[in-house]
Amino acid sequence: MSPLLVAEGLVKRFGPVLAVDGVSFSLAPGERLAIIGPNGAGKSTCFNLIGGQLRPDRGRVILDGRDVTGWPASRIWRLGVGRTFQIARTFHSMTVAENVQMALLSLHRRTRALLPRANRLWREDALAVLAQVGLLDAADRPCGELAYGDVKRAELAIALATSPRLLLMDEPTAGMAPAERHALMELVSELATGRGIAILFTEHDMDVVFRHADRILVMAQGRTLAMGTPSEVREDPEVRAIYLGGGMRREMVL
């Protein structure tokens, strides 16, 4: 299967700090790839180079055969790249359904529609997405009233509303209880398999990473330390010695 996403030799420097140093990887449709590493490893910078929040100094980002290196995030988003954030970003005073509708209004370039009319546009599409993430019953509740785990689900619904082919998830389970973490990632895994969505995510909970990732990219000092399946990474002697203290821990500081 041809890769959906290819990162080739990505390099990013901030003054004297080489944050990302020649990182390369590929991601196939339906595959889940986790980027992990200790604080300062460069994973967030790498993540933002893919999403268009940062422009690489060298290297290329190829999406479905198209070179999108240095494109702004908004342009990459329109090619079918969704994103969620470590701290969920929703409009708290708007209902859950309206939050999802806003993504659809933006996709269809209708953000200037008058509010009474906008409230009706693509509502059925929004409700269908909310049903998929288990939030249909909360469709008409303000996001500010939801428990944090449900806010994370609402953010996922917003990202899914535009039918992305690639989903970037920055610490998707941050702030969630353990049971909620696995429930969310089980849902993400089902979507990846059912829709063929490629998932690239960072995560601090190693239990989540090793249970839900197909492959893991371990970064250290801006470089790739290891890449492989969870079992391969788990047994990598350098990963174990440097980051896991000789044995797998449930969590790492990222």
Side-chain angles (χ1 to χ4, degrees), residues 5 23 25 27-48 50-51 81-90 132-135 146-160 164 166-220 224-236 239-240 242-254:
L5 174 69
V23 171
F25 62 87
L27 185 58
E31 186 180 20
R32 295 157 294 169
L33 174 64
I35 301 179
I36 67 172
N39 190 37
K43 61 193 180 301
S44 293
T45 301
C46 184
F47 204 72
N48 288 328
I50 300 298
V81 179
R83 176 152 188 185
T84 67
F85 295 85
Q86 180 178 354
I87 300 175
R89 300 183 180 183
T90 61
Q132 292 174 4
V133 302
L135 281 181
L146 300 182
Y148 191 67
D150 287 339
V151 173
K152 283 284 193 175
R153 285 177 176 264
E155 187 186 38
L156 176 60
I158 293 167
L160 293 173
L166 170 63
L167 184 57
L168 307 178
M169 306 185 75
D170 189 2
E171 297 199 25
T173 71
M176 300 178 74
E180 291 179 318
R181 294 174 186 177
H182 289 295
L184 179 69
M185 292 309 294
E186 288 288 354
L187 174 60
V188 170
S189 297
E190 291 173 5
L191 291 168
T193 301
R195 293 192 186 183
I197 302 173
I199 309 291
L200 180 66
F201 69 101
T202 64
E203 180 56 57
H204 74 283
D205 187 323
M206 292 299 98
D207 192 26
V208 168
V209 169
F210 281 86
R211 185 182 300 187
H212 299 286
D214 295 311
R215 287 188 299 139
I216 300 170
L217 168 63
V218 185
M219 293 186 64
T224 298
L225 175 68
M227 166 80 86
T229 65
S231 60
E232 290 169 342
V233 169
R234 188 190 303 271
E235 298 305 321
D236 186 284
V239 173
R240 292 171 68 90
I242 296 177
Y243 297 110
L244 305 176
M248 294 305 301
R249 292 203 303 257
R250 181 179 177 85
E251 295 187 356
M252 297 167 53
V253 176
L254 295 187

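For the single chain, residues carry numbers from 1 onward in sequence order. Values in this document were obtained by computation on a predicted structure and should not be read as measured data.
- When all heavy atoms of A34 and V209 are compared, the pair lying nearest together is CB-CG1, 3.9 Å.
- In terms of heavy atoms, R181 sits closest to T173 at CG-CB, 3.4 Å.
- Between L191 and L167 there is no side-chain heavy-atom pair separated by less than 4.5 Å.
- Here the OG-CZ distance, from S189 to R211, works out to 10.5 Å after rounding to the nearest 0.5 Å.
- L187 CG to K152 NZ: the interatomic distance, rounded to the nearest 0.5 Å, is 13.5 Å.
- Taken from CG in L5 to CD in E31, the straight-line distance is 10.0 Å, to the nearest 0.5 Å.
- Taking the salt bridge (Lys or Arg N to Asp or Glu O under 4.0 Å) definition, one finds that R195 meets it with nothing, sequence neighbours left out.
- Residues D207 and H182 form a side-chain contact, since some pair of their non-hydrogen atoms from C-beta on lies under 4.5 Å apart.
- Closest heavy-atom contact between T84 and L156: CG2-CA, 4.2 Å.
- Residues E235 and R240 are in side-chain contact: their nearest non-hydrogen atoms beyond the backbone lie under 4.5 Å apart.
- Legend: residues meeting salt bridge (Lys or Arg N to Asp or Glu O under 4.0 Å) with R32, ordered by chain and number and at least two apart, are D214.
- F201 and A213 get closest at one heavy-atom pair: CZ-CB, 4.0 Å.
- The shortest heavy-atom contact between V81 and P164 is C-CB, 4.3 Å.
- Rounded to the nearest 0.5 Å, atoms CG (D205) and NE2 (H212) are 8.5 Å apart.
- A search for salt bridge (Lys or Arg N to Asp or Glu O under 4.0 Å) contacts involving E180 returns nothing, not counting sequence neighbours.
- Residue K43 is tested with I35, L217, V23, N48 for a side chain to side chain contact (heavy atoms under 4.5 Å, CB included); the sole match is I35.
- Of the inter-residue distances, the one linking D170 atom CG with L200 atom CG reads 10.0 Å to the nearest 0.5 angstrom.
- Separating the CG atom in L225 from the CE atom in M219 is a distance of 10.0 Å, to the nearest 0.5 Å.
- Using a 4.5 Å heavy-atom cutoff, the side chains of R83 and F47 are in contact.
- Using a 4.5 Å heavy-atom cutoff, the side chains of R234 and I216 are not in contact.
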